[in-house]
Amino acid sequence: MTSLPKIAVVLTGGTIDSVGKDRLDLAWYIEAGTRLGEGELLGSLPELATIADVRELPFRRMASHALVDSDWLALLRTIHATLDSGEADGVVVTHGTNTIEETAYFLHLTLKTDKPVVLVGSMRPSSGLSADGHLNLFNAIKVAADPASRGRGCLLVMNDTIFSARDMTKNSTYRVQAFQSRDLGPLGFADADGQVLYYHQPVRPHTVDTEFDVRDSDRLPRVDIVVSYVGADGTMIEAAAAAGARGIVSAATGAGRPTPAEDEAFDRVYKDKGVLMCLCSRVASGRVVRSPGLKKRGFVAADNLQPWKARLLLALALTRTSDADDIQRMFDTY
Ligand code: SIN
């Protein structure tokens with residue numbers, strides 16, 4: 001008899017293991033902060049015994065908007081410890097959906113393994129009517145246990161759909177189909193007939209093929225995001241620089257247009273403090289390109305990354321260099 005793949009499950013919190021006051025509590029449960037006990041979420045899925053040898057790994061549990069860089073670094077080390085020791089063939093991380101895309105992209109860029117690492121969340125608490133977390137988790141474990149998931153970078157499984165960590169983003173506050181890869185599409189599906197099916201492969205380098213190794217770090221360089229709007233001045237930019245930011249992501253209007261007052265402030269904090277600006281857009285899709293003017297000013301453009309993902313890549317880039325052309329190469333690569 002062939003043995004089942006060994007899958008470790010790390011619970012980090014979020015909605016998927018939350019408990020509401022009754023079955024119609026689909027919104028306020030987040031304030032009560034009540035969670036299932038250890039082993040309860042996996043215990044509610046006896047069907048897992050047919051697809052994987054599953055083990056829960058202890059980790060801190062919280063709402064995902066409470067995470068800080070050191071939580072990411074601890075999670076990276078926890079995943080590595082279990083995969084490197086051979087205790088698991090793949091890892092599933094349950095996570096709040098508010099920031100799951102940031103954690104997923106962080107792992108996509110920093111994991112040094114080609115074994116499957118799959119993130120999963122839910123839009124309704126475990127106690128809710130038509131809770132989506134149980135099937136999402138079952139599907140995530142199925143994807144992590146599937147040999148075809150190896151070498152595809154960090155994945156997100158939500159609503160039967162498999163996404164690349166780089167390309168997906170949360171698109172709705174409460175709908176179960178909240179996640180989309182707007183411009184680029186999903187990689188595949190964990191479908192109703194029990195099959196894991198891939199149709200696309202991420203072509204941008206990830207995991208073992210990136211230059212980022214922060215396993216021994218205890219923090220990342222500070223990078224802030226400043227959102228542009230009609231009449232925005234340089235106050236937020238100056239404040240970020242004063243707080244010690246080494247980089248600032250501009251979530252600018254349209255195809256990447258901060259206000260003239262913001263542009264002046266970006267040039268000033270670069271000249272005075274070497275704070276690098278990365279140009280992004282507050283628009284939900286499309287590329288921001290590096291114009292000759294932006295290059296001349298010593299700044300970089302984020303291609304089609306959302307501002308919060310650009311923040312992450314810029315922070316990782318700043319662990320290697322402060323050279324704008326080299327950082328632009330990284331944005332063009334990853
Ligand atoms: C969170 O992100 O922790 C809460 C929201 C969610 O999981 O959907």
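First listed ligand is number 1; within each ligand, the first listed atom is number 1. We're numbering straight along the sequence, starting at 1. All values below were derived from every heavy atom in this structure, side-chain atoms included, with hydrogens, water molecules and symmetry-related copies excluded.
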> Does Ser122 reach ligand 1, in the sense of a heavy atom lying below 4.0 Å from it?
Replying inline: yes
>> Can you tell me if Asp272 has over 12 outside heavy atoms packed within less than 6.0 Å of its CG?
In response: yes
>> With heavy-atom distances below 4.0 Å as the criterion, list the atoms of ligand 1 near Thr15.
In response: 4 (C), 5 (C), 6 (C), 7 (O), 8 (O)
> Considering only heavy atoms of Ile30, which atoms of ligand 1 have at least one such atom less than 4.0 Å away?
Replying inline: 4 (C)
> Is Arg152 positioned over the aromatic face of Tyr198, cation under 6.0 angstrom from the ring centre and no more than 45 degrees off axis?
Replying inline: yes
> So, the side chain of Arg282 versus the backbone of Val227: is there a donor-acceptor pair under 3.5 Å, distance only?
Replying inline: no
> Which of the atoms in ligand 1, numbered in the order shown and given with their element, are less than 4.0 Å from a heavy-atom of Ser64?
Replying inline: 1 (C), 2 (O), 3 (O)
> Between Asp69 and Arg311, does at least one N-O distance fall below 4.0 Å, as a salt bridge requires?
Replying inline: yes
>> Are any of the N/O atoms on Thr99, whether in the backbone or the side chain, positioned under 3.5 angstrom from an N/O atom of ligand 1?
In response: no
>> Check this for me: does any side-chain nitrogen of one of Asp53 and Arg55 sit under 4.0 Å from a carboxylate oxygen of the other?
In response: no
> Starting from atom 8 (O) of ligand 1, which protein heavy atom do you reach first, and at what distance in Å?
Replying inline: Thr97 OG1, 2.4 Å
> For ligand 1, which atoms have a heavy atom of Ala63 less than 4.0 angstrom away?
Replying inline: 3 (O)
>> Below 3.5 Å, N or O to N or O, backbone or side chain included: is there any such pair between His65 and ligand 1?
In response: no
> So which of Phe212, Trp72, Trp308 actually passes ring pair (Phe, Tyr, Trp, His ring centres under 6.0 Å) with Phe106?
Replying inline: Trp72
